[in-house]
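Please read the structure below before turning to the comments.
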Amino acid sequence: MWALENIIIYGLCMGAIYLLIAMGFSIICGVLRIFHLGYAYIFPLTIYVTWAFMQEVGFSFGWALAAMVIVQFALGAAIYRGLIRPYFEKEEILFTGLLLIALIVEKISNYFYPPQAGVYIPSTIMEGTTQIGHVYMPAQFVAGGIIALVLTGLFILFFLKTRIGMGIRALSQGIYESKIVGINIEGLYYFTMLLVLVPVIIGTLIIAPVWAVDPQMGWLYMNTAILVSVIGGLGNLRGTIIASFLVGFVHAAMCFVIGEPRLMGAAGMALAVVILVVKPTGLTRSETLW
Amino acid sequence: MCTKSRSWLFPIMIMALAFAFCLPAGPAAAADKEPIVIGYVGNVDSPGTRPSMDIQKMAAEEINNNGGIMGRQIKYIIANGKGDTTASVDAARRLLMENGADFIFVEGRSEICLAVQESTAPLYKDYPHILIFNGPMDSELTARVLHDYDKYKHCFRDWDPEAGHYAQMNYFFGNLYKKMGWKKIAILWEDLAWTTDWREGCKTSYMTLPTWEELARQNGLEVVYTKAVKPRGTMYLPILQQIARADADMILYISSWFTDTESFAKQWANSAASDLPINLYGGVAQTHDYWDMTGGKALGAVSSFFEFDFELTEKSQPLIKKAKKKGIPLQINGHLAYADIYFIKEVIENAGGTQNMDKVIRMMETTEMTYSLGTMAYETKPVAPFFHCKVRVDPDDPVNSTYDGSFFQPMAQFQNDGKIAYIGASCKEHEDDLAPYVDVDNYKTPAELREMK
């Protein structure tokens, strides 16, 4: 009973956090139809740009966050304009370029703020520990889980109910068809590049007070994003939601049933293999956003 | 009988002598003016290795500014091994074959050190050098020096092997933990090679030592939970949940500078185990930075601490102040790395240069000096794996006996606002030396500290 209780609570909380981490990656896969190997840059950029504005410019945390979001949006737009758009059809250049961006952000972060620099973002929403039954959890994680679910709901509503959202979904189903019906493809691509930053930034800020913050952090989280997106079906938001919680439950089971947290990663991979063997496109049909 | 005058010889001799003096100096003379090349192979991005490099560079600059070593400047080269074995081996070989390194340091990861040692040993004949391992613990690194001296005589370890940590742990279990009232302990292990002997027991042809669980039991403690964890990226919350359920009194985390102990503290502070004291074995918790890295979540964490504010040797405070001024964090390996450069200076001076590397090796074995944490010298007792390691415990009784003055290690606790409270020594031999600065009554439980906030 104790194990089951833990699996449910931890599975839900970890799944919700994984969802925040993976949602952006999945949307990019679905809309732009590229495997965004540079996705890892968003995580350290969130932390270190915020920190730089606080430390070097003297901004308050709120202003530093606002400035960081502007920098993220500017860089996201620049990446689209300077790399994705011109090399959209040349995958080898595109992938290498995106990967290099992530590496450059990591190296620059490490140059100015190596791990021992003591970077700590005060993005705690809820202090202390929450007890649910016999399970203890940082209140921050619980708050993060709730935010993840609310944000996901808003994203779904956006894609289902708004004109822009429907445009993006149309784009995810077919570029040429979208052009024919007069959708502003270029504008929506830009918009999507910026939209995907939102869940990642929020996820990073939620995780930061309770998990590792270092210049290499992006790779760890990108691995999770890739795993979840592949299991869910690349580029499908519905599949990403299911996969996030599935991975969360598998990870929790590894900890509380097998009792071996070192196998969490391996178990996630094994799950991906099993699902891809049974259903090669992932849990839901790929290449459609919803 | 020849009676001819030989006065013509005199001017010829003068000319010959003048010519000889005008000739370029021979190889030996040239070597006397060439810089002494010291290289460091390590991951420039690592929070453990980078400070070692920075502080060695600082030491080299200090020596150069004061005239160098016997008039020769130090050329200090950092070779990025990227934390990767193959890249580190390549970097070490380049340092030898392209840069002509006289001394090479390798970062403290046993796996990397073993590979570098094995791949560069055959080059010693053509490229004589000294190879120093900066902080790794795997026994094999120095056990093989004794077993095949001719091949590995140039290898030294500026830290101690796994077996060298038994006396300290025996003291903690039997003394410090008892004073704290900790009876049931949970142990987390960084899942890398250096903790294997402690987890599984040291069972080699040259030494048999118990597991640390057994050592704890011998000291009347009960180990209620034990788990090996990934050095980085671990989700600790489920583990902490299980530790709390196991009814442990405290958590001992056998960590190093590779471990994400900052992430551990962040999760511990808001977990089911937040009231259980944590004792971090090694890593960034040995510096003030740890407080900032955890955003103050390290409140209550116990660790050895090496940015202390008192004078353990005459070299402690000058180094700590200099490092602080330069923003270099001082974990154990930082103190050692700095001492290494001055030790090399003394060795070269004692050997009269670096031309005769066999003589340099002999001087490495016999030179002794005081450094910021005690005595810098290498073990010469022919006992594996201690031979050619920095002195610390008596190789004949590594579980119970520490050399007096060899290595001072104050134990400390992070208290409110990042204040450091010193709570104990790490061996009975140093209790008197540390008595003026440490007091076990300074310790407070995490819950008490949170209440004082």
Side-chain angles (χ1 to χ4, degrees), chain A residues 2-3 5-7 9-10 13-14 17 106-107 109-111 114-124 126-131 134-142 207-217 219-221 223-224 251-256 259-265, chain B residues 43-51 54 83 188 191 225 227-230 232-242 244-245 257 259-275 283-284 287-297 327-331 334 418 450:
Chain A
W2 179 84
E5 214 176 338
N6 275 284
I7 290 170
I9 305 293
Y10 271 95
C13 280
M14 288 199 283
I17 301 292
E106 178 202 320
K107 295 295 173 196
S109 303
N110 197 61
Y111 179 80
Q116 66 270 23
V119 173
Y120 183 84
I121 301 295
S123 51
T124 303
M126 283 172 71
E127 281 282 5
T129 310
T130 303
Q131 187 179 357
H134 295 98
V135 183
Y136 291 82
M137 180 73 76
Q140 175 79 357
F141 252 42
V142 178
I207 291 168
V210 284
W211 217 335
V213 166
D214 61 46
Q216 288 90 35
M217 64 190 289
W219 304 109
L220 175 72
Y221 300 135
N223 284 345
T224 306
H251 282 180
M254 273 299 130
C255 296
F256 293 105
E260 190 46 90
R262 278 177 300 175
L263 292 178
M264 282 165 70
Chain B
N43 183 358
V44 297
D45 295 334
S46 160
T49 310
R50 172 85 172 265
D54 290 344
L188 297 179
D191 190 15
Y225 183 90
K227 185 71 68 184
V229 294
K230 276 193 305 177
R232 300 200 77 79
T234 293
M235 163 60 98
Y236 290 103
L237 289 168
I239 295 170
L240 293 162
Q241 183 88 22
Q242 286 166 329
R245 192 177 187 230
W257 56 71
T259 324
D260 52 1
T261 47
E262 67 279 17
S263 176
F264 174 73
K266 285 178 185 178
Q267 294 182 38
W268 161 72
N270 291 317
S271 74
S274 59
D275 283 340
V284 288
T287 67
H288 285 289
D289 290 339
Y290 190 58
W291 180 259
D292 294 331
M293 291 169 82
T294 62
K297 301 273 175 65
I328 303 172
L330 267 184
Q331 301 169 21
R450 282 199 299 271

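For the numbers below, each heavy atom of this structure counts, side chains included, while hydrogens, waters and symmetry mates do not. Chain naming here is simple, since letters A, B, ... match the order of the sequence lines and numbering starts at 1 in each.
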Under a 4.5 Å heavy-atom cut-off, does chain B meet the side chain of [X], its backbone, both or neither?
X: A:Met264; answer: side chain
X: A:Pro261; answer: side chain
X: A:His251; answer: neither
X: A:Tyr221; answer: neither
X: A:Gln216; answer: side chain
X: A:Ala208; answer: backbone

Chain A contact via [X] - which portion, at a heavy-atom distance below 4.5 Å:
X: B:Arg450; value: neither
X: B:Lys227; value: side chain
X: B:Ala265; value: neither

So which of [options] has the biggest tally of heavy-atom pairs under 4.5 Å with chain A?
options: B:Thr294, B:Val229, B:Leu237, B:Val44; value: B:Leu237
options: B:Ala273, B:Ala228, B:Pro329; value: B:Ala228
options: B:Leu240, B:Asp191, B:Val284; value: B:Asp191

Rounded at 0.5 Å granularity, tell me how far [atom1] in [X] sits from [atom2] in [Y].
X: A:Met217; Y: B:Asp260; atom1: CE; atom2: CG; result: 12.0 Å
X: B:Gln242; Y: A:Trp2; atom1: CD; atom2: CH2; result: 4.5 Å
X: B:Arg50; Y: A:Asn110; atom1: CZ; atom2: CG; result: 6.5 Å
X: A:Tyr10; Y: B:Met235; atom1: OH; atom2: CE; result: 7.5 Å
X: B:Gln241; Y: A:Phe256; atom1: CD; atom2: CZ; result: 5.0 Å

Could you check which of A:Leu220, A:Ile121, A:Val135 has the highest count of heavy-atom pairs closer than 4.5 Å to chain B?
->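 When all of A:Leu220, A:Ile121, A:Val135 are compared, A:Val135 has the most.
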
Has A:Tyr136 got more than 12 heavy atoms of other residues, nucleotides or ligands less than 6.0 Å from its OH?
->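 It does not: A:Tyr136 OH has 12 such atoms or fewer within range.
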
Can you give me the closest heavy-atom contact between [X] and [Y], atom names plus distance?
X: A:Thr129; Y: B:Ser271; result: OG1-N, 3.9 Å
X: A:Cys255; Y: B:Pro238; result: CB-CB, 3.5 Å
X: B:Lys230; Y: A:Arg262; result: N-CG, 3.8 Å

Polar side-chain atom of B:Lys266 near backbone of A:Trp211 as donor-acceptor pair, under 3.5 Å |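 Yes: the side chain of B:Lys266 pairs with the backbone of A:Trp211.
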
Answer yes or no: is there a donor N or O on one side and an acceptor on the other, between the side chain of B:Gln267 and the main chain of A:Pro138, under 3.5 Å?
->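 It does not hold such a pair.
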
